[in-house]
Amino acid sequence: MSALRRVRKYFISSQVYEALRPLFFLTFLYGLTPFHVVRRKMGESYLKMSCFGVFNIFIYICLCGFCYISSLRQGESIVGYFFRTEISTIGDRLQIFNGLIAGAVIYTSAILKRCKLLGTLTILHSLDTNFSNIGVRVKYSRIFRYSLLVLIFKLLILGVYFVGVFRLLVSLDVTPSFCVCMTFFLQHSVVSIAICLFCVIAFSFERRLSIINQVLKNLAHQWDTRSLKAVTQKQRSLQCLDSFSMYTIVTKDPAEIIQESMEIHHLICEAAATANKYFTYQLLTIISIAFLIIVFDAYYVLETLLGKSKRESKFKTVEFVTFFSCQMILYLIAIISIVEGSNRAIKKSEKTGGIVHSLLNKTKSAEVKEKLQQFSMQLMHLKINFTAAGLFNIDRTLYFTISGALTTYLIILLQFTSNSPNNGYGNGSSCCETFNNLTNHTL
């Protein structure tokens, strides 16, 4: 039992920074943040920025720039080892160029916008005081376990994918160059860890919004079952609102609870807006590179399965299709992780309005009704929303947008292959003409 308790101790966290320790260790290691979590003598944890963290970011920027530019100049890539055509060359170079931009944006944001991320976490940390004012004691174990689960899932998928790809190349006596290996490894791993950071931060907003919603639901439940003035000793006992995250003591006046809930909601929205400023360009570049990879990988797979490909390659059809299908699935998971992480926080925020109006219909106190009306007005003007540089919203409508664009590009690419004299290979259209055809059809 003592051994079990020691193991469980590692999965229990009572502070916001302590809950994010594994995540920030990995982001610090990869140069995605210049912060790491340290603990004071009193046991309180906080984020500390170090010179090594900033230096590490610059090292990664130089390494990514050197490897991407070298791969682009030499025309080498992992895809190029499988087969080489005019369309694959265009897709390959676009992917390398987009990966270079994505790396530059992610690492530049880590330095230039570090205050935004730090500000977001500072607000989340300060919310503990506001929650204690309404009798809520936040436990961060669920956030800690969620961050561990996300990291393990992403690293496991990446590990299996990397091992599979390099074993496949080695089995056919193909030895990738150092720059190709680094671009391939860094592109997938850095994007995956950046997504993990976004998902965990979004989950933190979701949990706090769940607490607010549950506190308001608990207030409505009290109004349905007993008079507001009859506060018995039983009400003062701890009531479990969520088995993972919080407990509340119902002793305060309803108007005070609603006022505190308003302030907490305002802080959560402020933290979400600050986080959106930090992640907005990162999300744009990640979604762009994911879309580009999905389009060309789906085209390669469909072209092969439909029998239109006349590729010359050392790899069998099964190996060829498996590689590009796995890469496509990897980036489909990336898009789904981003969208679902954002969507869950948005949906929790939207539920608050319905609960507030339900309370507004039940209350008979003029003071409480006034507070609820103020809360309703606040909900109209303060909403959680994540965007990709303001170009589009990160929610489930993005699935439809991506599906439509993906279908359009696939049809164009397949039609171009069918209409080419040599199925898109040989002395047909040049690379520039191919690219112009694609962009003209899109515009």
Side-chain angles (χ1 to χ4, degrees), residues 11-20 23 120-121 123-150 197-224 238-250 252 254 257-276 337-359 372 375-376 378-379 382-386 394-396:
F11 295 93
I12 296 174
S13 179
S14 59
Q15 299 177 33
V16 60
Y17 296 124
E18 195 67 30
L20 300 175
L23 177 64
T120 299
L121 296 172
I123 294 172
L124 292 177
H125 181 64
S126 68
L127 281 172
D128 288 354
T129 305
N130 296 80
F131 278 123
S132 64
N133 291 337
I134 54 175
V136 175
R137 178 168 54 88
V138 181
K139 296 177 68 178
Y140 296 98
S141 298
R142 188 168 186 177
I143 297 174
F144 179 69
R145 288 192 288 265
Y146 176 81
S147 65
L148 279 180
L149 183 64
V150 169
L197 180 60
F198 171 76
C199 289
V200 172
I201 296 296
F203 184 75
S204 299
F205 298 140
E206 180 194 346
R207 294 307 309 147
R208 285 158 178 79
L209 289 167
S210 296
I211 295 174
I212 290 296
N213 292 345
Q214 198 62 47
V215 167
L216 295 174
K217 283 180 182 178
N218 193 55
L219 192 60
H221 177 70
Q222 290 173 11
W223 291 355
D224 289 337
L238 287 173
Q239 296 185 4
C240 179
L241 295 182
D242 187 291
S243 58
F244 287 102
S245 60
M246 72 271 188
Y247 294 88
T248 185
I249 303 173
V250 186
K252 292 196 119 189
I257 294 175
I258 294 167
Q259 179 63 37
E260 286 290 345
S261 299
M262 287 173 59
E263 293 178 12
I264 292 170
H265 180 267
H266 180 270
L267 287 173
I268 293 172
C269 290
E270 183 182 344
T274 307
N276 185 57
S337 300
I338 292 171
V339 171
E340 291 303 315
S342 172
N343 187 73
R344 285 196 300 268
I346 292 170
K347 291 301 179 184
K348 287 291 182 184
S349 177
E350 291 174 352
K351 285 183 180 179
T352 310
I355 299 170
V356 168
H357 283 87
S358 174
L359 289 170
L372 288 169
F375 203 170
S376 178
Q378 178 175 302
L379 290 169
L382 288 177
K383 295 181 180 179
I384 289 181
N385 189 31
F386 296 101
I394 310 293
D395 53 30
R396 286 185 175 172

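Below, each value reflects all heavy atoms present in this structure, side chains not excepted, and no hydrogens, waters or symmetry copies.
- In this structure, H266 has no ring-ring contact (aromatic ring centres under 6.0 Å, His included) partners at least two apart in sequence or on a different chain.
- The two residues F205 and A345 have their closest heavy-atom pair at CB-CB, 4.5 Å.
- V215 is not listed as a side-chain neighbour of I264, based on a closest heavy-atom distance of 4.5 Å or more.
- Note that the CG atom of L216 and the CD1 atom of I258 stand 7.0 Å from one another [nearest 0.5 Å].
- Among all heavy-atom pairs drawn from A202 and G341, the shortest one is CB-O, 3.5 Å.
- In terms of heavy-atom proximity, L359 sits nearest to L219 at CD2-C, 4.3 Å.
- Among residues two or more places apart in sequence or in another chain, the ring-ring contact (aromatic ring centres under 6.0 Å, His included) test is passed with F198 by F279, F386.
- Contacts of E350 classified as salt bridge (charged side-chain N to carboxylate O under 4.0 Å, His left out), with partners at least two apart in sequence or in another chain: K347.
- Residues forming a side-chain hydrogen bond (donor to acceptor under 3.5 Å, both in side chains) with S376 (at least two apart in sequence, or on another chain): H357.
- Qualifying salt bridge (charged side-chain N to carboxylate O under 4.0 Å, His left out) partners for E263, counting only residues two or more places apart in sequence or in other chains: none.
- Contacts of T352 classified as side-chain hydrogen bond (donor to acceptor under 3.5 Å, both in side chains), with partners at least two apart in sequence or in another chain: N213.
- Interatomic distance, OG1 of T274 versus CD1 of I123, reported as 4.5 Å (0.5 Å rounding).
- K351 places none of its side-chain heavy atoms less than 4.5 Å from the side chain of L209.
- Within the 4.5 Å cutoff, the side chain of F131 has heavy atoms near those of the I212 side chain.
- Rounded to the nearest 0.5 angstrom, R344 CZ and E206 CD are separated by 5.5 Å.
- Here the CG-CG distance, from L23 to L148, works out to 9.5 Å after rounding to the nearest 0.5 Å.
- For the pair I355/F375, no side-chain contact is recorded, criterion being any heavy-atom separation below 4.5 Å from C-beta on.
- Using modelled atom types, no side-chain atom of S342 and backbone atom of I338 make a donor-acceptor pair closer than 3.5 Å.
- Taking 4.5 Å as the limit, some side-chain heavy atom of L20 sits within range of a side-chain heavy atom of L121.
- Side-chain contact between H125 and Y17 is present, with at least one heavy-atom pair separated by less than 4.5 Å.
- Residues satisfying the side-chain hydrogen bond (donor to acceptor under 3.5 Å, both in side chains) test with E270, not counting sequence neighbours, are none.
- Remark: the backbone N or O of V200 is not paired with any side-chain donor or acceptor of S147 at under 3.5 angstrom.
- Distance SG/C199 to CG/L149: 11.5 Å, rounded to 0.5 Å.
- The nearest pair of heavy atoms linking I384 to S349 is N-OG, 4.1 Å.
- F144 approaches A19 most closely through the heavy-atom pair CD1-O, 3.2 Å.
- With S210 as reference, R207 is the one residue of R208, Q214, R207 to meet the side-chain contact (heavy atoms from CB on, under 4.5 Å) rule.
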For this session: Start with the C-alpha distance between R142 and F203, add both sets of side-chain angles, then the distance that settles side-chain contact (heavy atoms from CB on, under 4.5 Å), and finish with yes or no.
Result: CA-CA 10 Å; R142 188 168 186 177; F203 184 75; 4.2 Å; yes

